[in-house]
Amino acid sequence: MKSAANRPPGLGDSADDDSGVPETAEPENVGEQTVSFRPIRDDEPDPGAQDAGTGDPAEAPGDGAASDEADETGGAGSWGGAWAAASDVDPDGPTDPTGPTGSEKEIPLPDEAAEVLAAALGSLKETIAGLRFGANAPGAQEAAKAREEIIAQLDNYVVPRVRMSTAPALVVVAGSTGAGKSTLVNSLAGARVSATGVRRPTTGTPVLACHPYDRGRFDQGGLLGGLTRVEAPGPDTGPGDLVVAASERLPQGIALLDSPDIDSVRETHHDVAQRMLDAADLWIFVTTAARYADAPAWRLLRMAKERGARLAIVLSRVPPRAREVVVKHFVRMLTEYGLGEADRFVISECAVEDGRLPEAEIAELRMWLTGLSVDEERREQAVRAMLGTVLDSFRTRVPALARHVEAQVAFRAGLRADVDDAYSGALAEIDEVTRNGALMRGEVLARWQDFTGSGDLVRTLSMRKPGRFGGKAARQAPERQRALKSALRAGLEAVVISSAQRAAEGVAARWAVRGPHGERLAATPGLGDATDDLARRTGRAITAWQDHLVAMIRKEGVTKRTVAKTTSFDEESLGLVFTVGLLGYGMPEIEGGPGPMPQRLLRALLGAESLRNISVKARNDLRARINTLFDEETLRYARALDGAGIPDETAASRLYQATYNLEAAR
């Protein structure tokens with residue numbers, strides 16, 4: 001017994017067997033080799049005009065308000081109703097033995113409008129193809145699937161159809177596993193062009209059957225251009241190939257496409273079936289009396305309805321004694337589902353020979369195809385309608401893809417903000433340390449006391465009396481000077497490196513709480529620590545800053561003041577005094593500390609205004625050099641985000657622009 005979950009919405013429970021047909025209408029000998037296909041003729045009694053007397057089947061989807069007197073024998077939605085215009089047409093279709101072959105037939109060049117539209121579609125495809133999504137980022141799988149579906153439809157159908165609007169109408173024969181799609185295609189082609197059998201799924205490689213006159217239109221590069229053409233299926237062929245077969249039994253201007261099953265247990269078959277549906281101008285939906293109420297069948301019908309596809313429905317393997325009940329129930333379901341106007345055909349249960357049905361069972365369907373073939377206006381109308389529907393769908397599908405991109409861009413922006421916040425915080429810490437005097441402790445303070453207590457500072461700033469100092473004192477002064485300079489450099493390096501390490505750890509911690517993808521990125525080796533060469537780069541940056549400080553003092557300092565006429569000074573020593581005053585300015589008074597002495601001395605030598613100018617420039621220069629170091633540190637995070645496939649901020653804008661250009665070209 002089938003569960004209610006496997007039926008379309010609104011289908012109630014009834015005393016059905018596993019076939020989905022009421023027990024009073026149980027089909028007999030339903031199998032691949034005993035399939036019976038026979039259409040309902042127009043002169044037969046209306047199967048829905050009377051009650052079967054064996055109990056109503058389960059209610060159809062909807063509110064059950066549809067009338068049992070729905071038209072089942074005439075009109076556009078009639079079972080087996082053929083077009084009046086095709087009533088006198090040769091069922092084998094028009095042939096011209098003297099006409100050109102498919103390869104010789106000239107294809108008109110696209111007009112200017114078609115070229116503009118094709119160019120806009122090409123730009124749209126290029127934009128979409130350039131998108132990359134992080135494997136585990138939010139919505140990545142849905143976005144990647146939508147991207148591949150749009151690209152495949154552009155390649156296989158939209159662009160070729162725009163460039164080859166006169167190409168034959170492509171009719172996909174679709175349905176669930178074992179519905180008899182291949183048998184139907186073989187029967188219409190009059191040859192065994194598609195494999196049949198009891199093994200499921202049977203069709204692994206899609207098969208395209210057309211008239212020999214049209215075969216050249218389906219060479220590589222046109223419709224279904226993404227599939228490799230092969231002459232026949234073999235052990236090396238698969239879902240990525242396309243078997244192209246020609247048969248004079250098929251009418252010109254019509255090509256039948258036997259696709260893999262929509263409910264195949266093989267994912268690749270299911271994906272190819274979806275691509276075939278996306279590339280078709282018309283659909284022939286095939287189901288059986290045993291499975292017409294199953295959920296997969298109605299998912300496909302729902303898809304056809306949503307896309308506005310031109311649809312014909314074939315109900316096959318209908319046992320004679322269950323005919324009235326099955327047809328009546330199925331018609332009610334279709335009507336309540338909004339598909340009551342679809343062209344419909346019934347094929348009775350019968351024997352299958354050499355993979356084909358008796359001609360009498362498919363005569364009405366062949367007439368329908370032939371009528372479509374000779375009525376060029378109606379065929380072109382169906383093709384244009386399907387192409388327009390697909391183009392219309394891009395108005396919502398591409399913006400939906402753009403929203404996926406925006407979500408990923410927002411996710412990337414959040415990750416990037418974590419990096420910026422962590423390193424901005426580290427830079428703020430360094431600013432504070434270099435202002436509050438915290439550096440003037442330990443080794444730096446000891447070297448400063450040695451430099452000032454030994455009298456070296458006084459000797460470097462003295463009245464001009466050549467030869468006053470020399471000997472051992474002159475040699476010791478540079479040694480203490482170098483020791484103080486080295487201690488200042490080491491202190492600054494330690495502050496920068498420790499701040500960078502805390503920033504890297506902070507980035508890893510922030511990313512780890514942003515879901516699985518952020519956690520995976522945070523676990524990337526090396527991202528949670530400072531780079532290996534940071535110490536080397538920091539040492540070079542601080543040394544360059546100290547040298548630049550001396551150059552500024554030389555350029556803007558004492559040499560410009562009148563005191564320079566009577567006072568001699570050592571620029572290196574003055575640079576050290578300036579550095580101590582700059583880094584220890586906010587330090588509270590402590591025993592042995594520098595106190596206000598460096599500031600008073602510098603103000604006396606340089607002047608208050610010059611001291612302020614040099615101090616501002618020196619701080620800005622130090623901050624810029626540290627900021628450059630941190631920018632280099634954060635490059636690895638940008639590379640990690642790029643490597644993860646997360647799109648950048650401009651991706652969504654490019655999608656919206658491509659959609660606008662397509663609308664303008666239409």
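Atoms CZ and OG1, from Arg489 and Thr579 in turn, are 11.5 Å apart once rounded to the nearest 0.5 Å. The distance from atom NZ of Lys145 to atom CD1 of Ile150, rounded to the nearest 0.5 Å, is 12.5 Å. The distance from the CD1 atom of Ile542 to the CG atom of Leu622 is 5.5 Å, given to the nearest 0.5 Å. The distance from the CG atom of Leu492 to the OG1 atom of Thr434 is 7.5 Å, given to the nearest 0.5 Å. Annotation: the span from Lys125 atom NZ to Asp155 atom CG amounts to 3.5 Å, rounded to 0.5 Å. The distance from the CG atom of Leu154 to the CD1 atom of Ile128 is 6.0 Å, given to the nearest 0.5 Å.
In this structure, the side chain to side chain contact (heavy atoms under 4.5 Å, CB included) partners of Asp392, at least two apart in sequence or on a different chain, are Arg395, Arg666.
When all heavy atoms of Ala402 and Tyr656 are compared, the pair lying nearest together is CB-CZ, 3.6 Å. Across all non-hydrogen atoms, the minimal contact from Phe630 to Ala500 is CE2-CB, 3.8 Å. The two atoms that bring Ala293 and Trp298 nearest to each other are CA-NE1, 3.7 Å, heavy atoms only. In this structure, Ala522 and Ala512 approach most closely via the heavy-atom pair CB-N, 4.0 Å. Across every non-hydrogen atom of Glu429 and Ser499, the tightest pair is OE1-OG, 3.7 Å. Taking all atoms of both residues into account, the shortest heavy-atom contact from Leu257 to Pro206 is CD1-CB, 4.4 Å.
With a 6.0 Å radius and a threshold of 12 heavy atoms from other residues, nucleotides or ligands, Asp532 has its CG atom at or below the threshold.
At a threshold of 4.0 Å, the pair Glu126-Arg654 does not count as salt-bridged, since none of the basic side-chain nitrogens sits closer than that to a carboxylate oxygen. At a threshold of 4.0 Å, the pair Arg416-Asp420 counts as salt-bridged, since one of the basic side-chain nitrogens sits closer than that to a carboxylate oxygen.
Here the side chains of Gln408 and Arg132 are not in contact, with every heavy-atom distance at 4.5 Å or above. Here the side chains of Phe394 and Thr659 are not in contact, with every heavy-atom distance at 4.5 Å or above. Looking at Leu131 and Leu655, their side chains come closer than 4.5 Å, going by heavy atoms from C-beta outward. Between Phe578 and Val550 there is no side-chain heavy-atom pair separated by less than 4.5 Å. With contacts defined as side-chain heavy-atom distances shorter than 4.5 Å, the pair Val496/Ile626 qualifies. Counting heavy atoms from C-beta outward, Glu632 and Thr531 have side chains that stay 4.5 Å or more apart. Looking at heavy atoms from C-beta onward, Leu301 lies in side-chain contact with Phe285 at the 4.5 angstrom threshold. For the pair Arg161 and Met386, the minimum side-chain heavy-atom distance is 4.5 Å or more.
Panel note: side chain Lys617, backbone Met552; no donor-acceptor pair is recorded below 3.5 Å. With Trp545 contributing its side chain and Ala618 its backbone, the two residues share a donor-acceptor pair below 3.5 Å. Panel note: side chain Asp418, backbone Val507; no donor-acceptor pair is recorded below 3.5 Å. A donor-acceptor pair under 3.5 Å is absent between the side-chain atoms of Ser486 and the main chain of Arg482, judged by distance alone. Put simply, the side chain of Asn627 never gets that close to the backbone of Arg623: no donor and acceptor are under 3.5 Å apart. Side-chain atoms of Glu443 never come within 3.5 Å of backbone atoms of Ala487 as a donor-acceptor pair (strictly under, hydrogens ignored).
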Item to complete: Apply side chain to side chain contact (heavy atoms under 4.5 Å, CB included) to Val444 and Val580, showing your working.
Response: CA-CA 9 Å; Val444 176; Val580 170; 5.7 Å; no

Worksheet item: How far apart are the C-alpha atoms of Val243 and Asp258, what are their side-chain angles, what is the distance that settles it, and do they pass the side chain to side chain contact (heavy atoms under 4.5 Å, CB included) test?
Response: CA-CA 10 Å; Val243 176; Asp258 184 14; over 6 Å; no

Worksheet item: Which is it for Arg537 and Glu633 under the salt bridge (charged side-chain N to carboxylate O under 4.0 Å, His left out) test, yes or no, and what are the steps along the way?
Response: CA-CA 11 Å; Arg537 292 186 289 110; Glu633 285 288 286; 2.7 Å; yes

Worksheet entry | Derivation of the side chain to side chain contact (heavy atoms under 4.5 Å, CB included) call for Met276 and Leu224 | CA-CA 8 Å; Met276 300 301 100; Leu224 300 173; 4.0 Å; yes

Practice prompt. Decide yes or no on side chain to side chain contact (heavy atoms under 4.5 Å, CB included) for Asp278 and Asn156, but give the supporting numbers first.
Written response: CA-CA 8 Å; Asp278 289 340; Asn156 291 326; over 6 Å; no

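Residue Leu227 forms a side-chain contact (heavy atoms from CB on, under 4.5 Å) with just one option from Asp241, Leu242, Thr205, and that option is Leu242.
Ring orientation note: the planes of Tyr637 and Trp511 are nearly perpendicular, at an angle over 60° on the 30°/60° scale.
Side-chain contact check for Gln501 and Glu505: at least one donor-acceptor pair (N or O, by modelled atom type) lies under 3.5 Å. Side-chain atoms of Arg636 and Thr524 form no donor-acceptor pair, as typed in the model, at a separation below 3.5 Å. Defined by atom type and a distance below 3.5 Å, a donor-acceptor pair is missing between the side-chain atoms of Asp631 and Tyr423. Side-chain atoms of Ser393 and Arg397 form a donor-acceptor pair, as typed in the model, at a separation below 3.5 Å.
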